[in-house]
Amino acid sequence: MTEMRMRDALKEALREEMHRDDRVFLMGEDIGAYGGSYAVTAGLLKEFGEERVLDTPIAESGIIGAGIGAAMGGMHPMVELMTINFSFLAMDQIVNSAAKLHYMSNAQITVPLVIRMASGGGSQLGATHSHSLEGLYAHFPGLKVVCPSNAADAKGLLKRAFRDENTVIFIEHTANYALKGEVPDDPDFLIEFGQANVLREGADVTIVGYSGSVHQAMRAATMLQDQENISAEVIDLRTLRPLDMETVLTSVRKTNRAVIVEDDWKFGGFGGELSAQIMEHAFDYLDAPVARVASKDVPLPYNRNLEFAALPSEEDVVEAVLAML
Amino acid sequence: MTEMRMRDALKEALREEMHRDDRVFLMGEDIGAYGGSYAVTAGLLKEFGEERVLDTPIAESGIIGAGIGAAMGGMHPMVELMTINFSFLAMDQIVNSAAKLHYMSNAQITVPLVIRMASGGGSQLGATHSHSLEGLYAHFPGLKVVCPSNAADAKGLLKRAFRDENTVIFIEHTANYALKGEVPDDPDFLIEFGQANVLREGADVTIVGYSGSVHQAMRAATMLQDQENISAEVIDLRTLRPLDMETVLTSVRKTNRAVIVEDDWKFGGFGGELSAQIMEHAFDYLDAPVARVASKDVPLPYNRNLEFAALPSEEDVVEAVLAML
Amino acid sequence: MSAAADTAQSTIVQTGAAPAGPGPSAPDSGPSVEELNHFLYQMMLIRRFEEKTGEMYTKGRVRGFLHLYTGQEACAVGMINALADHDKMVTHYRDHGHALARGLDPNRIMAELFGRSGGVSGGRGGSMHLYDVSKGFLGGYAIVGAHLPLAVGLGLAAKMKKNDSVTLCIFGDGSVAEGEFHESLNLAVLWKTPVVFFCENNLYGMGVPLQESLSTGISRLAAAYNMPSVQINGMDVLEVNREAKKAVEHCRTQGGPYFIEAMTYRYRGHSMSDPELYRLKEEVEQYRKRDAIEALKLHMTERGILDDAGLAEIAERVERTVDDAVAFAEASPQPGLDTLGLYVTKEPGDD
Amino acid sequence: MSAAADTAQSTIVQTGAAPAGPGPSAPDSGPSVEELNHFLYQMMLIRRFEEKTGEMYTKGRVRGFLHLYTGQEACAVGMINALADHDKMVTHYRDHGHALARGLDPNRIMAELFGRSGGVSGGRGGSMHLYDVSKGFLGGYAIVGAHLPLAVGLGLAAKMKKNDSVTLCIFGDGSVAEGEFHESLNLAVLWKTPVVFFCENNLYGMGVPLQESLSTGISRLAAAYNMPSVQINGMDVLEVNREAKKAVEHCRTQGGPYFIEAMTYRYRGHSMSDPELYRLKEEVEQYRKRDAIEALKLHMTERGILDDAGLAEIAERVERTVDDAVAFAEASPQPGLDTLGLYVTKEPGDD
Ligand SMILES: Cc1ncc(C[n+]2csc(CCOP(=O)(O)OP(=O)(O)O)c2C)c(N)n1
Ligand SMILES: Cc1ncc(C[n+]2csc(CCOP(=O)(O)OP(=O)(O)O)c2C)c(N)n1
Ligand SMILES: [Mg+2]
Ligand SMILES: [Mg+2]
């Protein structure tokens, strides 16, 4: 075990996988000389050389498409998009090429590709630069969608992504990069997809989060315990596709109440899927309707107060829990 | 009233609005000389000339962006994307420019733009050409999302779209183009956004659909009446953003049961939003969990049998209803 | 062909009056008699296969969007026969001719159009989505322009794996306006990926004539990215094959991309639902007069390497092959409904 | 400047050694003394405004991504002063200099950077999203390349409304690799929209040098679309202004687009978090030696139209303006939380 920040855990995963498998190479905007806009790839150009760490032009559709092609050609590329906001420009390649080729070709073609993207609001970057699209990508069959909330998970899940023969959308919340945690050194440390993590056990209510919102969930649980003596169970989904509903349902059947927390807009967001599935599979266990805590229905403003008001907070979670008890 | 197909009702709406407002012009791939891939614009080039009916190159991001710019410049353009599948290439313009400029500019800029797109599966076009993205676009604040199910609605809603100062995503299910219906001739016939339509009254269950799935819902209602003597109420949402939940909730509070039908994939689809909201606002009225009938979780295959098996059918709806009674 | 220097690094070679150009020109060290017979057979096969496919569509056997290749045979046959077995190719949705020229089994292509389990894509892809990895045929792509970046990536992989395979990327004139055309050409030159960009300029993107969809010349624009770029007569299979060999040779030995704009013409509508309001019957007739198959026949008969008997033999072989394909497709079973959920992703132990 | 014919329809004009070019060249009928003083004032204002903005960022007053314009002043001032009041412009996220040159109120720009209600975007946009419709300043755009199609649309609207306004579209060298660059230039030429495409080539897109992001020359590529295209010295405000006037005049009278590649340099990092590992301090120093502001001062003093007193007066005015801006921003109230939900869409009776 070594204590490190999530950004360094991610780098370790990349380093180990590049040493393990020479099909793995990296491309992206400013991942080389610049060191990556969130410093995840800093130093890797020096260590692995220009052959395996490619700085690319600003052409999201082109570089994601090239990554798909390289994967079809027998490599296992990682393409970093500086932030997930720019993935709108590459969405056709992700949705129509990467996600569908295996199925449409009747299993002749595989696209082993890892697409890493920084995501989320809260840094006052304004509306165009503050999207949370975990749920949007989880909608498409053929993709895997991974969104770690801490350093250890980040390493285990990213390494696992390079053992997958499919395209993995790997989403990193910018608020998590600096978070420190104990990270296993074992080069074979992997975290399987589709295994939610019960971060905190509780009896009265289940709080479900993923990516950045896991931390609002945890802080809310502490507040509930300290201030209201309410025992909340907190679940980190870790991957949205595949989705581990069993862990969520087991918890809800125990607590009889559920709150979902996400950074994304509530309307048409992934929380609706979770809420609906909980109802579908645990209807008779529910003492109250499942609650969703998410962003207000506005483009995220630059002003700090407005941005904070628009994003979900631990207070919002506490409020939602109290309202259902 | 005149009986006509939905495609002709759409054309009538375009004709009338172009005559009413010279800010309105049309652009799109093959909408002119070719007459439109679904013949909606056939004849309009001849009637209005090249100034107001522009055939464009195949450059979705460019032409949607140009439409946004023209709208910012004081026009009220309609851009037709041949099919919604190609909108993935223009998604950044739709999501980051069209949807956000009014808010980010503090109301200085408006983008009065109508984006028309053919949508849906069922024509054996294969996975890349069979998307249903009504729910995806409804997720973004700043947009309006309209999806008519019949000729009269198509005309009233499309005309209303040209009275809106915002960007309207106007989605036309290909299975609806040939449907005939009585359409009002009144040039001031408008259908307001956010007004769901109760197509059939019933007492035992509420079936909610939109766009193409409204017809599976109606056929299922007939089957339920005839074969099971079950009285189903059928609601056509007509617009997903704004969404008329009141009409849905009023119905569910009466029937105590709800089934949602949509062409899109179930996982992470708009049905989850509807299901969650019904639970949130009518929990105590529900005798059974809200059911969702949607596409199977696969890229839509070309083979007819497989495609039909993947898409939601009236039988699936009937089954879902029977399962909750 | 008169060469007009455009830049230091690249040249646009213009053919006299393509596609109104003359019939096959005499190659110095052109294809062998066997090759010529093979070209003629493939071109006639494609022609007949597409006629039959059209019939099958009207009979309801083939569904969805169907784009026939009729008229452009010289492009597919001339270009694809310049590839080696270990080379790879991607193309667009108008892909039957390309698949046949690459040697995919006609039976399995027709079965795919029928949506049967014996199809090259198991009936899941249809006309626009043919795949046969065993032949390095990595697909027909139905999103205009989307396969250009894929070709760059395939070239990049070949470069990284240091195998000397070349990737062929075929697309139409209408695709040139897409942003991915620009992104891909730029990346291919920057990264020196061995990719032959082969643009079949049939003068229309659906109903839009090229001059309304592009503000400049295709091969001229390609040259501006600093890659060799030529415009050739796509109605002359010998010229296409000659230029194609140069291009493939260049990519394989020098590395880096090469651009070919082949002037050609599509006899049929864009797809089966095309009313063809955008062009005159006369225009189509004109081009039919310069038919590439007839030109090749003439070339061969003039040189005494083809006689009526030989032609009849080829025609008969083509007929049999196409009839067999339909019979095979008819007999091929529908995919089982239990297969619907298979292969959404690839998981350990799948195969 | 030596003209090198590239095509019938377009020309690339190369300046001797831009950006290493000489100081301001003597214009035949150049700007008036008033104009020169105005240019100098604006360039010094931008320089000082950005320094102050940097300070305010380190103080935590300004947040988010911040991209300073320092070094490129001659581009904004030379280009934007060639526009008429009724013209429109869009630019990218490095937009403070452009906003100041267009005459937006420095107080309201600084207030926007502070996120205050008195900001040009009400505190909702921040540094990358400045808007002032009353000045025809239709925005800073933070998605690289996204505003190019918007400019084409604005030009299209102007053409349809037959008002003779021109649209200016400013972007960087790194944006040229985006697909929307290609789509927009093509559409602009096809539709003859009056758009000046002004590329500020500061040699880097973030940390990537141009030669690693583009396989060819920017103005050469632009010329291939068949529009007038020039490469100029962006460190010489007089040359920029002279070429800018030509471009605007062309668009206004001939219709159709015009392309300018201005060679320039950014003194500061790409954004405030840039470690600048990709370039040498020496390189930056070199360019600082050819500073455009110093060059203009020299030009004016040599011609006796600027003395120490005059310079001091301008410097003092700049200082006061920037201090006032900060004071205004500090005093400007935070937007009320009750405004969060306003203006998501525009509805009847909103305003
Ligand atoms: C991104 C995208 N936009 C639009 C279409 C619809 N479409 C299919 S083929 C076609 C014309 C393409 O023309 P060209 O590239 O010249 O190829 P050709 O059909 O002439 O062989 C269009 C517009 C599409 N499939 N994908
Ligand atoms: C589509 C997109 N991709 C990536 C980014 C991240 N990014 C912001 S600025 C920039 C560099 C742009 O360089 P250039 O166009 O030369 O402008 P400059 O910063 O040099 O003024 C990048 C990559 C973005 N904002 N949008
Ligand atoms: Mg074509
Ligand atoms: Mg730059």
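Below, chains carry the letters A, B, ... as their sequence lines are ordered, and counting in each starts from 1.
Of the charged side-chain nitrogens involved, none lies within less than 4.0 Å of a carboxylate oxygen, so that D:Lys281 and D:Glu276 do not count as a salt-bridged pair. Remark: A:Glu307 does not engage A:Arg304 in a salt bridge, criterion side-chain N to carboxylate O under 4.0 Å.
Side chains of A:Glu134 and A:Ser211: a donor-acceptor N/O pair is present below 3.5 angstrom, by distance only. If you check the side chains of A:Tyr34 and A:Glu29, you find no donor sitting under 3.5 Å from an acceptor.
With chain A as partner, the option from D:Met206, D:Glu212, D:Arg116 having the largest number of non-hydrogen pairs under 4.5 angstrom is D:Met206. Options D:Ser127, D:Gly119, D:Ala142 differ in how many heavy-atom pairs under 4.5 Å they form with chain A, and the most are formed by D:Ala142. Taking D:Leu277, D:Leu214, D:Asp274 one by one and counting their heavy-atom pairs under 4.5 Å with chain A, the maximum is reached by D:Asp274. When each of D:Pro335, D:Gly179, D:Gly174 is checked for heavy-atom pairs under 4.5 Å with chain A, D:Pro335 comes out on top. Of the listed residues (D:Leu340, D:Val176, D:Val344), the greatest number of heavy-atom pairs within a distance under 4.5 Å of chain A belongs to D:Leu340.
Residue contact with chain A, scored on non-hydrogen atoms closer than 4.5 Å, is absent for D:Leu66. Neither the backbone nor the side chain of A:Ser61 comes within less than 4.5 Å of any heavy atom of chain D. Only the side chain of D:Met128 has a heavy atom closer than 4.5 Å to any heavy atom of chain A. When heavy atoms are compared at a cutoff of 4.5 Å, D:Phe114 approaches chain A solely by way of its backbone atoms N, CA, C and O.
Using cut-offs of 30° and 60° for the angle between ring planes, the D:Tyr131 and D:Tyr141 rings count as perpendicular. Below 30°, between 30° and 60°, or above 60°: for A:His19 and A:Phe48 the angle between ring planes is between 30° and 60°, a tilted geometry. Taking the six-membered ring where tryptophan is involved, the planes of D:Tyr225 and D:Phe181 are perpendicular, since the angle between them exceeds 60° and thus also 30°.
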